[in-house]
2 protein chains.
Amino acid sequence: MKLSTQEIYGLRCVLRIARSGSKNGITIHEISEDEGISQAYTAKILRILRLNKLVLSERGKHGGYILADTPENIPVSRVVDALGGKLYESDFCYKYHPDGNKQCIPVEYCSLRNLWFSVQKAVDQVLNDVTLQDIIDQNSAL
Amino acid sequence: MKLSTQEIYGLRCVLRIARSGSKNGITIHEISEDEGISQAYTAKILRILRLNKLVLSERGKHGGYILADTPENIPVSRVVDALGGKLYESDFCYKYHPDGNKQCIPVEYCSLRNLWFSVQKAVDQVLNDVTLQDIIDQNSAL
DNA sequence: TCAAATCTGTACTATTTAGTCAAGATTAAA
DNA sequence: TTTAATCTTGACTAAATAGTACAGATTTGA
């Protein structure tokens with residue numbers, strides 16, 4: 001079970017934006033420099049975050065990125081889900097039964113579904129309860 | 001955050017082996033049929049499980065696979081870790097800082113490390129406590 | 001109006017993961 | 001001893017993810 005690099009880098013980008021005091025926001029160039037991620041890849045990740053309404057962008061000379069909400073109001077789960085999706089999604093059972101017609105009939109399939117779903121819940125419990133502000137503050141039950 | 005198909009298929013394969021009453025074990029062909037996974041891919045996954053000492057194999061006419069231990073003694077975490085590794089591993093911080101020299105200096109890096117590690121712990125808590133036998137029985141706090 | 005600094009979008013390449021193929025090794029039984 | 005059923009291994013192809021390149025659009029200010 002792994003995090004994708006998009007999730008890892010993306011959360012770091014969002015935190016950079018959150019920590020930027022500037023009213024105009026922070027540019028791709030700055031985020032890229034600070035995080036040691038290429039500008040092109042930073043831009044790609046920010047696009048996803050923007051399409052998911054986690055950040056707002058402004059073009060032009062004084063352009064840049066700001067958060068779409070206050071850091072207290074953005075749980076980490078929103079960022080991670082935007083970039084990497086849920087572990088257990090609605091198409092889970094179908095996806096991993098290539099032959100299509102055996103879903104959830106033999107008994108262990110259902111208990112496996114329950115297993116993965118409970119892993120999902122455990123992860124969500126952690127990530128829903130931590131906001132960007134918590135991370136900035138190093139608040140934690142972590 | 002996703003499970004790899006190796007983890008998902010692999011756990012199903014192990015459970016098939018666990019549920020096989022036969023003393024000679026169960027063949028790749030049977031597992032493949034039962035789970036709707038190709039023989040070749042099933043073989044590849046079983047190889048990993050064998051190298052990780054989760055299953056034992058016997059060649060030849062009456063060959064097949066059996067578990068290396070009783071289902072009660074194999075927590076799901078062992079299977080998942082063998083096939084997909086840990087979410088948070090020792091090289092985590094280095095791996096995602098391509099420029100190498102910024103690890104854990106700016107404050108949020110450390111809180112992120114704590115975050116991912118606590119996700120890892122939450123997942124482990126679920127997967128360590130569930131054994132193959134639990135899944136077969138549909139026992140659960142799931 | 002023009003140029004510079006920025007974001008935007010698409011298409012491309014590289015790497016990793018998923019999945020297949022085929023030839024070889026082992027065992028049991030005829 | 002031969003054959004059939006099995007596991008074993010490594011090399012291959014396909015698909016998904018990671019990461020790059022570049023041309024275009026927007027805004028500001030000279």
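Protein chains get the first letters and strands the later ones, always in sequence-line order, with residue 1 at the start of each. Quick caveat, the model's predicted, so the values are computed rather than measured.
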Against the side chain of B/R59, the closest entry in D/dT8, C/dA18, D/dT20 is D/dT8
Q) More than 12 non-hydrogen atoms from neighbouring residues, nucleotides or ligands closer than 6.0 Å to CD on B/E58, yes or no? A) no
Looking only at C/dA18, C/dT20, D/dT20, the nucleotide nearest the B/Q6 side chain is C/dA18
Donor-acceptor contact present, side-chain B/Q120 to main-chain B/L87, <3.5 Å
yes
In whole angstroms, the gap separating C1' of C/dC7 from CD of A/E30 amounts to 14 Å
In whole angstroms, the gap separating P of D/dC7 from CD1 of B/I45 amounts to 14 Å
Checking D/dA18, C/dT8, D/dC7 against the side chain of B/S57 (C-beta onward), the nearest is D/dC7
*Parallel, tilted or perpendicular, as decided by the 30° and 60° cut-offs, for the rings of A/W116 and A/F92*: tilted
Side-chain atoms of A/T27 come closest, of D/dT27, C/dT6, C/dT20, to C/dT6
Whichever of A/G60 and A/L51 has the more 5' nearest nucleotide on DNA chain C, that residue is A/G60
Of C/dG19, D/dG19, C/dC21, the nucleotide closest to the side chain of B/A40 is C/dC21
To the nearest angstrom, the CD1-P distance between A/I28 and C/dG9 comes to 11 Å
Result for 5'-nearest mapping on DNA chain D, choosing between B/K44 and B/H62, is B/H62
Rounded to whole Å, OH of B/Y41 lies from C1' of D/dA11 at a distance of 17 Å
Open item on the list: Checking A/S111 against A/N114: is there a side-chain donor and acceptor pair closer than 3.5 Å?
Closed with: no
note: B/Q39, atom CD; D/dT6, atom P; distance rounded to Å ~ 9 Å
Between CG of A/L56 and P of C/dT6 the distance, given in whole Å, is 19 Å
Considering only heavy side-chain atoms of A/R47, the closest of C/dT10, D/dG10, D/dA18 is C/dT10
Among C/dC7, D/dA18, C/dA18, the one nearest any side-chain atom of A/S4 is D/dA18
Taking A/Y9's backbone N and O only, do any of them form a donor-acceptor pair with A/E35's side chain (distance below 3.5 Å, no angle check)? no
Take A/E72 and A/T70 through the test side chain to side chain donor-acceptor pair (under 3.5 Å) and record every step on the way to the result.
CA-CA 5 Å; A/E72 297 85 352; A/T70 60; 3.3 Å; yes
Can any side-chain N or O of A/D124 pair as donor or acceptor with the backbone N or O of A/K121 at less than 3.5 Å?
no
Taken to the nearest whole Å, OH/A/Y96 to P/D/dA16 is 11 Å
Of C/dT27, D/dC7, C/dT8, the nucleotide closest to the side chain of B/Y65 is D/dC7
Between CZ of B/R50 and C1' of C/dA25 the distance, given in whole Å, is 12 Å
Look at B/E89 together with A/K2 and state whether they make a salt bridge at an N to O cut-off of under 4.0 Å. yes
When the rotation axes relating C1' atoms of four end pairs to the next four are compared across the helix from C/dT1-D/dA30 to C/dA30-D/dT1, five pairs an end, they differ to 10° by 10°
